[in-house]
Amino acid sequence: MKKSPAPDPGSPSRSRPQYPIESVDNAMQILLLLGERSELRLTEVAKYLGVASSTAHRLLAMLQYRGFIRQDARSKAYVPGSALTGVAFSILQRFDVRQQLRPFLEELNQETGETVHLGVLDGATVRFIDAVESPRAVRVASRLGRSMPAHCTSTGKAMLTTLSTAQLHLLYPEEELPGLTEHSVRSRSDLEKEIAVIRRRGYATSSEESEEGVSSVAVAFPGEVPSMPLAFNTAVPLGRVSRTDVKRIGELLRTTVDRASKIMP
């Protein structure tokens, strides 16, 4: 028997359409299921929907064709595709998350005197969706609007700590990782070791890993708070930061993220 779609807790009075289209409903249920799990397999999709494997395969094939899912070449499992993450990112951009968090960015900018950013994780990429530049003559330029490999930035590494090992391996199926500079993390094993350190310490760092002469510190929002992983970072010219400064900025970011998390929906 086919599984009935779960009601939307936000719309308890919403009724089923008078002329439902079952194939569309099934496709939507697959996407909702993907929001609960890091990956899907054909057999579990068929079982969840209560349909034949051939029907489930056709639905998955169409979602894959439109880019909403993709199939991992090695595990054959289905994971979120670029179209799905793109839609989520576009919604996040239109959502007032930047407006809500802007006062915290400005506060960080005033307290540190350095350039600060708000970043979001999109697959294995970090996108910088807001920034406040340092007023100093020598400063790190804003990365607003730029995208960079997550493992090459403190912002990205901070957000990667919110993922499980299985999710991390889906993002990085190969051991070898590309880098931006000679200081970038170049292997998944080294990335996992660094993630473990970040989790214990509470903040991520980068020293010329994304750009020569740039050091940065970042803290991610708790995984259960935003709809997509978010993080604050502070970027400082390498010659102007010491280990003591890094620790101080890390603690400041942790305190700020803790306060900002409380206003998130």
Side-chain angles (χ1 to χ4, degrees), residues 85 88-123 125-162 180 198 201-211 213-242 244-265:
T85 55
F89 178 66
S90 296
I91 292 173
L92 181 62
Q93 282 191 305
R94 290 193 295 273
F95 183 57
D96 64 353
V97 63
R98 288 180 297 178
Q99 181 178 343
Q100 285 183 305
L101 298 180
R102 181 72 182 193
F104 296 96
L105 266 189
E106 293 176 346
E107 180 182 300
L108 284 170
N109 173 257
Q110 291 173 4
E111 292 197 37
T112 63
E114 304 292 353
T115 300
V116 294
H117 298 91
L118 172 64
V120 61
L121 188 66
D122 181 11
T125 300
V126 58
R127 298 178 188 270
F128 296 98
I129 60 174
D130 203 358
V132 182
E133 265 196 5
S134 168
R136 300 184 182 187
V138 178
R139 61 182 180 271
V140 176
S142 164
R143 291 176 173 175
L144 179 60
R146 292 182 61 186
S147 298
M148 308 182 81
H151 69 280
C152 295
T153 69
S154 63
T155 310
K157 288 187 291 184
M159 291 185 285
L160 290 176
T161 64
T162 66
L180 293 178
I198 294 168
R201 186 174 55 200
Y203 57 87
T205 63
S206 171
S207 181
E208 299 188 290
E209 294 175 42
S210 61
E211 186 177 343
V214 174
S215 178
S216 64
V217 186
V219 171
F221 281 67
E224 69 276 8
V225 173
S227 55
M228 291 182 70
L230 296 169
F232 283 144
N233 103 344
T234 300
V236 189
L238 187 63
R240 198 159 65 213
V241 64
S242 65
T244 301
D245 293 327
V246 168
K247 185 176 181 180
R248 175 181 57 81
I249 293 171
E251 292 302 323
L252 175 61
L253 286 168
R254 289 179 62 181
T255 301
T256 304
V257 165
D258 183 60
R259 290 191 292 110
S261 297
K262 291 178 171 57
I263 71 166
M264 297 294 287

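For the numbers below, each heavy atom of this structure counts, side chains included, while hydrogens, waters and symmetry mates do not. As the structure is a computational prediction, the values presented were derived from the model and not from experiment. Along the sequence shown, the residues carry numbers beginning at 1.
Residues Leu118 and Phe104 fail the side-chain proximity criterion, which asks for heavy atoms closer than 4.5 Å. The shortest side-chain heavy-atom distance between Ile249 and Tyr203 does not fall under the 4.5 Å cut-off. Within the 4.5 Å cutoff, no side-chain heavy atoms of Val214 are placed close to those of Leu238. At least one side-chain heavy atom of Leu108 sits under 4.5 Å from a side-chain heavy atom of Leu252. The closest side-chain heavy-atom distance from Val246 to Val241 is below 4.5 Å. Using a 4.5 Å heavy-atom threshold, the side chains of Met159 and Val126 count as touching. Looking at heavy atoms from C-beta onward, Glu209 lies out of side-chain contact with Leu180 at the 4.5 angstrom threshold. Contact of the Ser261 side chain with the Val257 side chain is registered, since non-hydrogen atoms from C-beta on lie closer than 4.5 Å.
Annotation: the span from Thr161 atom OG1 to Arg201 atom CZ amounts to 11.0 Å, rounded to 0.5 Å. In this structure, CG in Asp258 is found 10.0 Å from CZ in Phe221, a value given to the nearest 0.5 Å. Rounding to the nearest 0.5 angstrom, the gap separating the CG atom in Leu105 from the OG1 atom in Thr256 is 9.5 Å. To the nearest 0.5 Å, atom CD of residue Glu111 and atom CZ of residue Arg248 are 9.0 Å apart. Considering CZ of Arg102 and CD of Gln99, their distance stands at 11.0 Å, rounded to 0.5 Å. Rounding to the nearest 0.5 Å gives a distance of 11.5 Å between OG1 of Thr115 and CG of Leu144.
When only modelled atom types and interatomic distance are considered, Ser242 and Asp245 share a side-chain donor-acceptor pair under 3.5 Å. Counted by atom type alone, Arg240 and Ser215 present zero donor-acceptor pairs between their side chains at under 3.5 Å.
Checked options Ser206, Ser216, Ser207; the residue passing with Ser154 is Ser216 (criterion: side-chain hydrogen bond (donor to acceptor under 3.5 Å, both in side chains)).
The closest donor-acceptor contact from the side chain of Lys157 to the backbone of Thr205 lies under 3.5 Å. In this structure, the side chain of Asp130 does not engage the main chain of His117 through any donor-acceptor pair within 3.5 Å. At least one donor-acceptor pair closer than 3.5 Å links the side chain of Glu133 to the backbone N or O of Ser142. Remark: the backbone N or O of Thr234 is not paired with any side-chain donor or acceptor of Glu114 at under 3.5 angstrom.
The shortest heavy-atom contact between Val219 and Gly250 is CG2-O, 3.9 Å. The minimum heavy-atom distance linking Thr155 with Ala231 is given by the pair CG2-CB, 3.8 Å. Gly213 and Glu208 get closest at one heavy-atom pair: N-OE2, 2.7 Å. The nearest pair of heavy atoms linking Phe232 to Ala260 is CE1-CB, 4.2 Å. The two residues Thr162 and Ala220 have their closest heavy-atom pair at CG2-CB, 4.3 Å. A pairwise comparison of heavy atoms in Leu230 and Met264 identifies CD1-CE, 3.9 Å as the closest pair.
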Quiz item: Hey, mind stepping through Val120 and Phe128 against side-chain contact (heavy atoms from CB on, under 4.5 Å) and telling me if it holds?
Solution: CA-CA 6 Å; Val120 61; Phe128 296 98; over 6 Å; no

Exercise. Would you sort out whether Arg259 and Arg254 count as a side-chain contact (heavy atoms from CB on, under 4.5 Å), showing the intermediate values?
Key: CA-CA 9 Å; Arg259 290 191 292 110; Arg254 289 179 62 181; over 6 Å; no

Practice problem: Could you give me the CA-CA distance, side-chain angles and deciding distance for Leu160 and Leu121, then say whether side-chain contact (heavy atoms from CB on, under 4.5 Å) is met? | Solution: CA-CA 8 Å; Leu160 290 176; Leu121 188 66; 4.1 Å; yes

Exercise. Carefully, step by step, assess Ser210 and Arg143 under the rule side chain to side chain donor-acceptor pair (under 3.5 Å).
Key: CA-CA 11 Å; Ser210 61; Arg143 291 176 173 175; 2.9 Å; yes

